[in-house]
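Each chain gets a letter, A, B and so on, in the order its sequence line appears, and its residues count up from 1.
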Amino acid sequence: MMRAGWNPNRVTFINILAAVSSLSLCKVGQQIHAQVIKYHIAGDTTIENALLACYGKCGEMDECEKIFSRMSDRKDDVSWNSMISGYIHNELLLKAMDLVWFMIQRGQRLDHFTFATVLSACASVATLERGMEVHASALRACLESDVVVGSALVDMYSKCGRIDYALRFFDMMPIRNVYSWNSMISGYARHGHGDKALRLFSRMKLDGPPPDHVTFVGVLSACSHAGIVDEGFKHFKSMSQVYGLAPRMEHFSCIVDLLGRAGACGRANGRKTELGRKAADMLFEMEPQNAVNYVLLANMYASGGKWEDVARARKLMREAEVKKEAGCSWVTMKDGVHVFVAGDKSHPEKDLVYEKLKELNQKMRDAGYVPQTKYALYDLDQENKEELLGYHSERLAVAFVLTRNSGLPIRIMKNLRVCVDCHFAFKFISKIVGRQIVLRDSNRFHHFDDGKCSCGDYW
DNA sequence: CAATACACCG
């Protein structure tokens, strides 16, 4: 266009910046920024907003802050919202919340974009208390019946462990879109209510919007969490055959997981294992650096007792040199959020925590607890295995909560899946201390009460 | 120009 002698104007730049930010092309964004200055349109609010969105998606919040402060009275709602969502996408939640708080204090009206973004932040860190405050603000702003805010609320309540509130709200919504239905179906899946998820899916097919690929992620994961293999396959087939939706990577993941969890590959299900292996191959091709795919395949074989295949999957993973995230757990107390990592010695009350853990361990052993070391995939001797298992982050978190007095359910959040041993231990702990424990792992919610877990030991 | 839903997770 420029070679042909045309000059770009603000509309050109708005569109270019939108394209660049959707691709997260940071370097290109900077070049466009330079051009914007050259063409003397850097003081245009829409252009500045597009730059904020672009830098935010590229992880350049420092640059956003510079632009934002330069904008002074040119800022509009979009500028504020872009900053908030930029902070949230870059995991700067405190800064995002500070900005929201600042907006409220200066009497600025929050719109449905702000609420949706802030609720997704509450959902992602699972802070129910804050989520409910945001809900109350949305109510005051008369945005509670907005479908975008409503869907975000359903998701927030489900991810914060209150599937009951999620359903109550879902049922009250005057208008529901595909996001609302998907949030509720995935919520049921996350809480292990496979039957309810499938029933809601049937209802959606009757009088809801047409299901999309996300709906099927929810449906398939619901089947996986509840161990419903055959019906899961039926839905997987209907996805392409009835709804014309081509299966994506995430659907193949669900299928591999479904087979693994149900232990189908050890049984007379050779064809399905074959499908699982093919699905895994496709995943490796699509994202060879994602550790999760290797773990999935290994789990599928492990559940069927195919140990040589497990070893082979793990070897593949080593060869691909993939890395995994470190595990941590956190709890919200009156004095704030406390984070723990395995074997952590950094907490200010660590002495009390370890003392409590020691006391718990003794009581657990007296009650018949034996460390489930055979499920730990470390190549270590028995003693070391027990040592490592005994100090997983969720144990530190539960011990920490128990050093403080209260009768409320103990709510613990963890970024990875709970291991067999910790799951076993938590059942004992719930009985010994007579407290309900709600553990949200990366996968789902576990409700421990009086020596039992709501997942029925299947997760 | 900003927004909500998504499986897997030593």
Under 3.5 Å, which donor-acceptor pairs link side chains of residues 154-175 of chain A to any protein atom two or more places apart or in another chain?
residue   : atom : partner   : partner atom : Å
Asp155(A) : OD1  : Lys159(A) : NZ           : 3.3
Asp155(A) : OD2  : Lys159(A) : NZ           : 3.2
Tyr157(A) : OH   : His135(A) : ND1          : 2.7
Ser158(A) : OG   : Arg190(A) : NH1          : 2.6
Arg162(A) : NE   : Asp164(A) : OD1          : 3.2
Arg162(A) : NH2  : Asp164(A) : OD2          : 3.0

Student check: side-chain heavy atoms of [X] and [Y] closer than 4.5 Å:
{"X": "Met97(A)", "Y": "Val118(A)", "result": "yes"}
{"X": "His191(A)", "Y": "His447(A)", "result": "yes"}
{"X": "Leu439(A)", "Y": "Phe445(A)", "result": "no"}
{"X": "His251(A)", "Y": "His213(A)", "result": "yes"}

Can you measure [X] atom [atom1] to [N] atom [atom2] for me and round it to whole angstrom units?
{"X": "Asp77(A)", "N": "dA2(B)", "atom1": "CG", "atom2": "C1'", "value": "9 Å"}
{"X": "Ile175(A)", "N": "dA5(B)", "atom1": "CD1", "atom2": "P", "value": "19 Å"}
{"X": "Phe216(A)", "N": "dC8(B)", "atom1": "CZ", "atom2": "P", "value": "17 Å"}
{"X": "Met184(A)", "N": "dT4(B)", "atom1": "CE", "atom2": "C1'", "value": "15 Å"}
{"X": "Leu119(A)", "N": "dT4(B)", "atom1": "CG", "atom2": "P", "value": "10 Å"}
{"X": "Lys159(A)", "N": "dA7(B)", "atom1": "NZ", "atom2": "C1'", "value": "12 Å"}
{"X": "Phe201(A)", "N": "dC6(B)", "atom1": "CZ", "atom2": "C1'", "value": "14 Å"}
{"X": "Leu110(A)", "N": "dA3(B)", "atom1": "CG", "atom2": "C1'", "value": "13 Å"}

For this session: Under the ring pair (Phe, Tyr, Trp, His ring centres under 6.0 Å) rule, what do Phe236(A) and Phe216(A) come out as? Steps first, then yes or no, please.
Result: CA-CA 8 Å; Phe236(A) 180 67; Phe216(A) 279 95; 8.9 Å; no
Side-chain N,O ([X]) to OP1/OP2 ([N]) below 4.0 Å:
{"X": "Ser85(A)", "N": "dA3(B)", "answer": "yes"}
{"X": "Arg190(A)", "N": "dC6(B)", "answer": "yes"}
{"X": "His235(A)", "N": "dA7(B)", "answer": "no"}

Problem set entry | Contacting residues from residues 206-214 of chain A, given that a heavy atom lies under 4.0 angstrom of DNA chain B | Asp212(A), Val214(A)
Seminar exercise, completed: Numerically ordered, the residues 137-146 of chain A set in heavy-atom contact under 4.0 Å with DNA chain B is none
Given [options], which nucleotide is nearest the side-chain atoms of [X]?
{"X": "Ser253(A)", "options": "dC8(B), dA5(B), dA2(B)", "result": "dC8(B)"}
{"X": "Asp111(A)", "options": "dT4(B), dA2(B), dA7(B)", "result": "dA2(B)"}
{"X": "Ala50(A)", "options": "dC1(B), dA2(B), dA7(B)", "result": "dC1(B)"}
{"X": "Glu250(A)", "options": "dA5(B), dC6(B), dA2(B)", "result": "dC6(B)"}

Problem set entry | Pair Ser442(A), Asn415(A): side-chain N/O donor-acceptor within cut-off below 3.5 Å | no
Exercise. Taking atom types as modelled and ignoring hydrogens, do the side chains of Asp421(A) and Tyr369(A) form a donor-acceptor contact shorter than 3.5 angstrom?
Worked result: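 Looking only at side-chain atoms, Tyr369(A) and Asp421(A) do form a donor-acceptor pair, the distance falling under 3.5 Å.
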Problem set entry | Sugar-phosphate only, base, or nothing, as touched by Ser186(A) at under 4.0 Å among non-hydrogen atoms | sugar-phosphate
For this session: Please name the residue in the list His33(A), Lys66(A), Glu63(A), Gln30(A) that meets the side chain to side chain donor-acceptor pair (under 3.5 Å) test with Tyr55(A).
Result: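 With Tyr55(A) as partner, His33(A), Lys66(A), Glu63(A), Gln30(A) yield a single side chain to side chain donor-acceptor pair (under 3.5 Å), made by His33(A).
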Exercise. What stems, by residue range, does DNA chain B take part in, given at least 3 consecutive Watson-Crick or G-U pairs under 3.5 Å?
Worked result: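 The stems that DNA chain B takes part in number none, since no run reaches 3 pairs.
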Got a list of side-chain donor-acceptor pairs under 3.5 Å for residues 36-48 of chain A, not counting sequence neighbours?
residue  : atom : partner  : partner atom : Å
Asp44(A) : OD1  : Thr46(A) : N            : 3.0
Asp44(A) : OD1  : Ile47(A) : N            : 3.0
Asp44(A) : OD2  : Arg10(A) : NE           : 2.9
Thr45(A) : OG1  : Arg74(A) : O            : 3.1
Thr46(A) : OG1  : Arg10(A) : NH2          : 3.3
Glu48(A) : OE1  : Arg74(A) : NE           : 3.0
Glu48(A) : OE2  : Arg74(A) : NH2          : 2.7

Show which side-chain atoms of residues 194-206 of chain A pair as donor or acceptor with protein atoms under 3.5 Å away, not counting sequence neighbours.
residue   : atom : partner   : partner atom : Å
Ser202(A) : OG   : Leu198(A) : O            : 3.1

Exercise. Which class fits the ring pair His446(A) and Phe448(A): parallel under 30°, tilted 30 to 60°, perpendicular over 60°?
Worked result: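 The rings of His446(A) and Phe448(A) lie parallel, inter-plane angle below 30°.
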